[in-house]
Amino acid sequence: MTIKKKSLSFTLLALIVAVVIITFIPRSLSGNEIAVKAAEQLEHKGFEHIKRTSDKVSSEHYRDLNGSGEVSISYHADGSLFNKTIITEHGRRVYAIGNDNGTLEALTWELPNNIANENKEVLKKSLLQELKNELQNKDWIDEGQFSIDNKEVRKISSQEGKFLECVYIDQVTEMPIKKEFIEIVYGKSIVKATEEYRVLNKTPEHVFDVTGISAKEITAPVPPESTSKG
């Protein structure tokens with residue numbers, strides 16, 4: 001009788017331990033849940049950087065969400081500069097740099113008050129809003145863990161017809177760091193373009209540095225009626 005009681009006690013103890021262990025094992029998140037958590041990380045008021053790359057051209061876009069300015073840069077397929085636009089002074093001052101067969105030409109102008117005020121509000125809007133909307137509203141599948149640039153990431157994918165989007169999410173920060181735009185052609189996946197994302201708390205000073213730019217001052221190239229408003 002004593003042996004049976006001990007056996008029963010051990011059995012009950014084993015069941016309790018098993019229940020406790022199962023209770024504290026985190027369940028795996030679905031692709032959609034991973035996407036929503038990643039979208040939540042895009043709620044910030046810092047500094048954004050997007051790098052877009054395709055087989056023909058590439059570009060970079062920087063924006064300070066405090067409204068102070070932004071920079072857009074386009075490159076040729078060989079990596080040489082095509083053009084660069086710098087907006088400073090909370091949307092009021094514009095610098096435009098063009099590459100004319102290897103010769104850089106820079107122009108600058110000050111925008112009318114009404115346009116500058118509109119720019120200031122636009123600059124407060126996130127460049128990543130479209131990505132956030134997609135993460136929240138599309139149907140995503142968890143593709144598992146991968147490693148990119150020595151970072152452990154989670155890959156999720158969403159497909160519509162022959163077009164596939166894959167988003168890679170940093171396992172530590174839960175931030176989306178990369179997206180691939182893929183076309184399925186005869187069963188083969190072809191990456192048509194990529195986007196890489198960074199969010200920083202502080203604006204890198206060199207991005208908006210215009211001290212080394214010798215720019216020609218011109219009248220703002222806007223329609224005459226725009227200068228009479230505001």
Side-chain angles (χ1 to χ4, degrees), residues 42-132 148-149 170 173 175-179 181 192-230:
L42 300 179
E43 292 288 347
H44 68 99
K45 284 297 179 183
F47 182 83
E48 296 178 334
H49 174 220
I50 299 180
K51 181 179 180 180
R52 297 184 176 96
T53 306
S54 68
D55 57 348
K56 295 181 179 179
V57 296
S58 63
S59 64
E60 293 185 83
H61 204 125
Y62 302 83
R63 177 173 288 179
D64 182 349
L65 293 186
N66 293 311
S68 65
E70 71 176 8
V71 177
S72 298
I73 312 171
S74 297
Y75 303 93
H76 293 289
D78 62 2
S80 61
L81 177 70
F82 177 61
N83 58 47
K84 180 177 182 178
T85 302
I86 304 172
I87 299 177
T88 62
E89 300 177 17
H90 298 278
R92 182 173 299 279
R93 170 67 59 177
V94 179
Y95 293 84
I97 304 169
N99 184 354
D100 185 11
N101 295 321
T103 301
L104 297 182
E105 181 181 357
L107 302 174
T108 184
W109 59 87
E110 188 174 280
L111 290 169
N113 287 337
N114 61 304
I115 299 179
N117 291 334
E118 290 176 4
N119 275 353
K120 184 177 180 179
E121 295 306 311
V122 170
L123 292 175
K124 295 178 182 179
K125 297 180 180 179
S126 173
L127 295 171
L128 303 177
Q129 186 60 48
E130 183 178 350
L131 173 64
K132 180 181 176 182
I148 296 180
D149 297 331
D170 190 313
T173 64
M175 275 286 300
I177 61 172
K178 183 178 181 179
K179 181 165 72 169
F181 300 85
K192 306 297 288 186
T194 62
E195 288 184 347
E196 298 175 61
Y197 313 105
R198 285 195 304 159
V199 174
L200 307 172
N201 293 324
K202 184 179 179 182
T203 302
E205 294 181 2
H206 72 278
V207 173
F208 291 99
D209 184 14
V210 295
T211 55
I213 299 176
S214 179
K216 178 182 178 182
E217 182 83 29
I218 65 170
T219 303
V222 297
E225 60 269 18
S226 299
T227 61
S228 62
K229 298 178 183 178

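These values consider heavy atoms only, across backbone and side chains, with no hydrogens, waters or symmetry-generated copies. Numbers for residues simply follow the sequence, beginning at 1.
- Distance check, rounded to the nearest 0.5 Å: CG of Asp64 to NE2 of His90 gives 8.5 Å.
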Could you go through Thr194 and Lys51, starting from their C-alpha distance and side-chain angles, then the distance that decides it, and tell me whether this counts as side chain to side chain contact (heavy atoms under 4.5 Å, CB included)?
CA-CA 8 Å; Thr194 62; Lys51 181 179 180 180; over 6 Å; no

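- In this structure, Glu110 and Ala220 approach most closely via the heavy-atom pair O-CB, 3.5 Å.
- Distance CZ/Phe82 to OG/Ser59: 11.5 Å, rounded to 0.5 Å.
- Considering every non-hydrogen atom in both Ala106 and Ser214, the closest pair reads CB-O, 3.9 Å.
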Decide yes or no on side-chain hydrogen bond (donor to acceptor under 3.5 Å, both in side chains) for Ser68 and Asn66, but give the supporting numbers first.
CA-CA 6 Å; Ser68 65; Asn66 293 311; over 6 Å; no

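- Tested against Arg52, the residues Glu60, Glu196, Glu195 include a single side chain to side chain donor-acceptor pair (under 3.5 Å) partner, Glu195.
- Rounded to the nearest 0.5 Å, atoms NZ (Lys84) and CG (Asn99) are 12.5 Å apart.
- Checking Ile50, Ile86, Ile73, Leu127 one by one against Tyr62, the side chain to side chain contact (heavy atoms under 4.5 Å, CB included) holds for a single residue, Ile73.
- Checking each of Thr108, Asn119, Thr88 against Arg93 for a side chain to side chain donor-acceptor pair (under 3.5 Å) leaves exactly one that passes, namely Thr108.
- Contact check on Glu48 versus Lys125 returns no salt bridge, with no Lys/Arg side-chain nitrogen under 4.0 Å from an Asp/Glu carboxylate oxygen.
- The distance from the CG atom of Leu128 to the CG atom of Leu65 is 8.0 Å, given to the nearest 0.5 Å.
- To the nearest 0.5 angstrom, Tyr95 atom OH is 12.0 Å from Leu107 atom CG.
- Nearest heavy-atom pair, Lys178 versus Ile148, reported as atom, atom and distance to 0.1 Å: CD-CD1, 4.4 Å.
- Between Ala116 and Arg92, the shortest heavy-atom distance links the atoms CB-CA, 3.8 Å.
- Here the closest non-hydrogen pair linking Pro176 and Leu131 is CG-CD2, 3.9 Å.
- The aromatic rings of Phe47 and Phe208 lie perpendicular to each other, with more than 60° between the two planes, well past the 30° mark.
- Around CD of Glu217, the count of heavy atoms belonging to other residues, nucleotides or ligands within 6.0 Å exceeds 12.
- Around atom CD of Glu89, more than 12 heavy atoms belonging to other residues, nucleotides or ligands sit under 6.0 Å away.
- For the atom pair CG (Leu111) and CG (Asn117), the distance works out to 10.5 Å, reported to the nearest 0.5 Å.
- Using a 3.5 Å distance cut-off with no hydrogens or angles, the side chains of Asp209 and Thr211 do pair a donor with an acceptor.
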